[in-house]
S.K.: 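Here it is, the structure in full.
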Amino acid sequence: MSTGQLAMPPGTDPQELSRLLALAHDAFVDCGDPGSAVRQLVLDSWRRSVASGLDPELAQAPIRLDDEELAAIREAHPLTSVMPVIRRLLVESAADAGLLVAVSDAAGQLLYVEGSSSLRSRAESMNFLPGADWSEAVAGTNAPGTALALERPVQIFAGEHLSRQVTPWSCSAAPIHDPDSRAMLGVLDVTGSAEVATPYALQLVRATAAAAEAELRIARLSGARAHVAVSPGWSAPRLGVLGRNAAVVEHSGSTSRLSLRHSEVLLVLAGARDGLSTAQLALALSEDDQAAVTVRAEVSRLRQILAGLTGGPELASRPYRLTAALPTDVEEVRSALRAGQLRRAVAAYPGPVLPSSVAPGVVEIRDALHAEVRSAVLAATDADAVLSFADTGHGRDDYEVWQHALQVLPASSPRYAQVSGHVERLDLELG
């Protein structure tokens with residue numbers, strides 16, 4: 001376990017660290033520079049959160065699911081089957097210690113929050129309860145949301161949380177993966193006071209997550225099949241790739257996170273109505289020569305994942321193709337653009353397509369979509385829509401977009417001076 005993973009390395013004084021983090025948090029909110037007291041992992045998360053439009057002073061995790069929706073997702077989600085293991089290994093001792101244990105899906109929605117009853121009541125005041133969305137983009141830096149963003153165990157101590165109302169809390173979280181496909185299923189989290197930011201707490205969470213994965217594998221090897229019910233609110237699978245380093249497939253009220261390679265394969269095939277040969281798919285995935293057997297192996301693993309999605313498309317061969325259309329958030333943005341609904345398009349475009357991918361087929365899709373959105377923004381006279389794009393991480397350094405925003409923004413607007421100043425700074429930086 002690297003030192004950078006630990007919120008409080010051995011020998012750390014929690015009170016002194018809390019004081020330093022409070023000062024750093026204030027400095028970051030005031031001027032964007034927290035100094036050296038903040039771990040790089042945390043600073044990167046703060047910057048991602050702010051780039052998504054989050055206000056550290058006002059942010060609160062939104063409640064996405066009502067009781068009926070939550071019940072349907074729990075019934076369909078694979079992590080429900082391992083809750084007895086999690087309760088036995090972690091929840092019972094956490095309740096005695098006055099702590100909370102939470103389990104989220106791969107989108108950051110909390111499915112279960114159990115443990116100390118008195119602490120649950122306190123946590124509900126900040127919407128840390130089943131049905132709430134604690135993904136990093138909407139709740140700011142927090143252990144479950146940041147563990148999802150980084151796909152690895154994370155600890156967040158006190159003032160390392162970006163949202164002001166969460167800074168009294170600390171948490172340790174670890175992802176839980178599908179034991180076969182390694183797709184992200186969700187996150188296991190322990191939340192409480194300073195003691196959950198210790199190395200021991202993180203080791204305990206990681207060990208319990210590993211036990212949950214082992215339980216899933218044992219169930220499959222023994223032939224056990226979890227019953228999956230299709231709720232009245234069932235909807236067809238949908239692929240999300242915008243602003244994500246790995247795609248998620250939303251299906252039957254649940255969410256599965258894919259590896260980067262499977263994300264690339266599924267996105268490329270979703271846009272290839274006539275299918276692709278092995279050679280064509282290999283070229284879409286890499287500029288290097290890929291052995292046909294490598295492509296076949298990846299497709300075979302992806303086929304297993306799709307087979308587990310209720311009502312999802314099958315992956316056929318010769319040529320490789322999806323047997324049914326798979327809606328994507330890429331197409332949702334394009335649909336809004338075609339309808340002339342720029343505000344909806346910008347809101348549906350949180351970031352580029354799979355930004356960490358270098359697969360030629362993905363790069364082509366990513367560049368084309370960004371150019372379409374950007375062109376529409378540069379042609380727009382709706383100042384709010386233009387600024388909504390400009391204020392994002394992918395628009396903040398776009399000189400032409402900010403210059404256009406200044407042109408369409410009324411001089412009487414409260415933001416005119418700020419936009420003008422930003423254009424001047426970009427002008428100086430870019431020469």
Side-chain angles (χ1 to χ4, degrees), residues 6-8 12-64 98-100 102 104 108-110 113 115-116 118-150 154-173 187 189-198 201 350 391-393 396 414-415 418:
L6 301 176
M8 287 198 304
T12 301
D13 181 345
Q15 291 185 336
E16 177 63 12
L17 179 59
S18 182
R19 184 186 70 82
L20 292 174
L21 287 173
L23 294 174
H25 188 280
D26 289 343
F28 179 80
V29 172
D30 290 342
C31 66
D33 183 6
S36 60
V38 179
R39 290 181 291 157
Q40 190 63 47
L41 174 153
V42 173
L43 180 56
D44 290 344
S45 174
W46 285 1
R47 288 170 174 165
R48 286 194 301 271
S49 300
V50 170
S52 71
L54 183 136
D55 185 336
E57 302 291 355
L58 302 176
Q60 184 171 41
I63 298 175
R64 304 286 194 199
L99 305 174
L100 295 179
S104 83
Q109 298 175 132
L110 300 187
V113 179
S116 167
S118 61
L119 205 60
R120 281 207 309 271
S121 298
R122 285 178 51 204
E124 286 176 1
S125 66
M126 62 175 184
N127 283 355
F128 194 78
L129 74 173
D133 182 354
W134 277 78
S135 60
E136 196 180 71
V138 297
T141 304
N142 68 92
T146 304
L148 277 175
L150 299 180
V154 168
Q155 285 189 315
I156 300 296
F157 172 71
E160 291 184 326
H161 288 95
L162 182 58
S163 173
R164 179 75 69 181
Q165 67 167 340
V166 191
T167 54
W169 301 76
S170 295
C171 42
S172 291
V187 162
D189 168 79
V190 175
T191 289
S193 51
E195 65 267 28
V196 302
T198 62
D391 283 331
T392 62
R396 185 158 291 111
R415 288 204 61 183
Q418 182 260 328

S.K.: Go through Ser18 and Phe157 one step at a time and tell me if the side-chain contact (heavy atoms from CB on, under 4.5 Å) criterion holds.
M.R.: CA-CA 8 Å; Ser18 182; Phe157 172 71; 4.1 Å; yes
S.K.: Test of understanding: with side chain to side chain contact (heavy atoms under 4.5 Å, CB included), list the residues that count as partners of Ala59, not counting sequence neighbours.
M.R.: Leu54, Ser163
S.K.: Rounded to the nearest 0.5 Å, how far apart are CG of Leu148 and CD of Gln109?
M.R.: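 Taking CG in Leu148 and CD in Gln109, the distance rounds to 10.5 Å.
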S.K.: Enter the distance from Thr146:OG1 to His161:NE2 here, rounded to the nearest 0.5 Å.
M.R.: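 Answer rounded to 0.5 Å: 8.0 Å.
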S.K.: Scan side-chain atoms only and decide if Ser172 and Gln155 contain a donor-acceptor pair under the 3.5 Å cut-off.
M.R.: yes
S.K.: Search all heavy atoms of Ser193 against all heavy atoms of Leu99 and return the closest pair with its distance.
M.R.: N-CD2, 4.4 Å
S.K.: Check whether the side chains of Glu136 and Ser45 place a donor and an acceptor atom closer than 3.5 Å, and report yes or no.
M.R.: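 Present: a donor and an acceptor within the cut-off.
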S.K.: With sequence neighbours excluded, what pairs up with Thr198 under the side chain to side chain contact (heavy atoms under 4.5 Å, CB included) test?
M.R.: Met8, Tyr200, Ala201
S.K.: Can you find a pair of side-chain heavy atoms, one from Phe128 and one from Val113, that are under 4.5 Å apart?
M.R.: yes
S.K.: So with a 6.0 Å cut-off around CD of Gln15, is the heavy-atom count from everything else above 12?
M.R.: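 It does not: Gln15 CD has 12 such atoms or fewer within range.
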S.K.: Counting distance only, does the side-chain N/O of Arg64 pair as donor-acceptor with the main-chain N or O of Asp133 below 3.5 Å?
M.R.: no
S.K.: Any ion pair linking Asp26 and Arg164 (charged N to carboxylate O, less than 4.0 Å)?
M.R.: yes
S.K.: I want to check something: taking the side chain as every heavy atom from C-beta on, are Pro14 and Leu17 in contact at a cut-off of under 4.5 Å?
M.R.: no
S.K.: How long is the span from the OG1 atom in Thr191 to the CE atom in Met126, to the nearest 0.5 Å?
M.R.: 6.5 Å
S.K.: Short question: side chain of Asn142, backbone of Gly140 - any donor-acceptor pair under 3.5 Å?
M.R.: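 Yes.
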S.K.: Between Ala143 and Val154, what is the shortest heavy-atom contact and its length?
M.R.: CB-O, 3.8 Å
S.K.: Out of curiosity, Asp30 CG to His25 NE2, how far, rounded to the nearest 0.5 Å?
M.R.: 10.5 Å
S.K.: Drop me the distance from Ile156's CD1 to Ser170's OG, to the nearest 0.5 angstrom.
M.R.: 9.5 Å
S.K.: Determine whether Leu150 and Leu41 make a side-chain contact, defined as any pair of heavy atoms from C-beta on separated by less than 4.5 Å.
M.R.: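 Leu150 vs Leu41: side chains touch.
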S.K.: Roughly how far, to the nearest 0.5 Å, is the CG atom of Leu21 from the OG1 atom of Thr167?
M.R.: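 So the gap between those two atoms works out to 10.0 Å.
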S.K.: Do Leu162 and Val50 have side chains that approach each other closer than 4.5 Å (heavy atoms only, starting at C-beta)?
M.R.: yes
S.K.: Heavy atoms, side chains only, cut-off 4.5 Å: are Leu43 and Pro34 in contact?
M.R.: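 Sidechains of Pro34 and Leu43: in contact.
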S.K.: Of the non-hydrogen atoms in Pro144 and Asp189, which two are nearest, and what is the gap between them?
M.R.: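 Closest approach of Pro144 to Asp189: CD-OD1, 3.4 Å.
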S.K.: What pairs with Trp169 under ring-ring contact (aromatic ring centres under 6.0 Å, His included), at least two apart in sequence or on another chain?
M.R.: none
S.K.: For Gly98 versus Leu119, what's the shortest heavy-atom pair and its separation?
M.R.: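 The pair with the smallest heavy-atom distance is O-CD2, 3.1 Å.
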S.K.: With distance as the sole test, does Trp46 use its side chain to make a donor-acceptor pair with the main-chain N or O of Glu160 at under 3.5 Å?
M.R.: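 Confirmed, Trp46 side chain pairs with Glu160 backbone.
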S.K.: Kindly give the heavy-atom pair with the smallest separation between Asn127 and Ala61, and that separation in Å.
M.R.: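 Closest approach of Asn127 to Ala61: ND2-O, 2.8 Å.
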S.K.: Kindly say whether Gly115 contributes a backbone atom to a donor-acceptor pair with the side chain of Arg120 at under 3.5 angstrom?
M.R.: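 A pair under 3.5 Å: yes.
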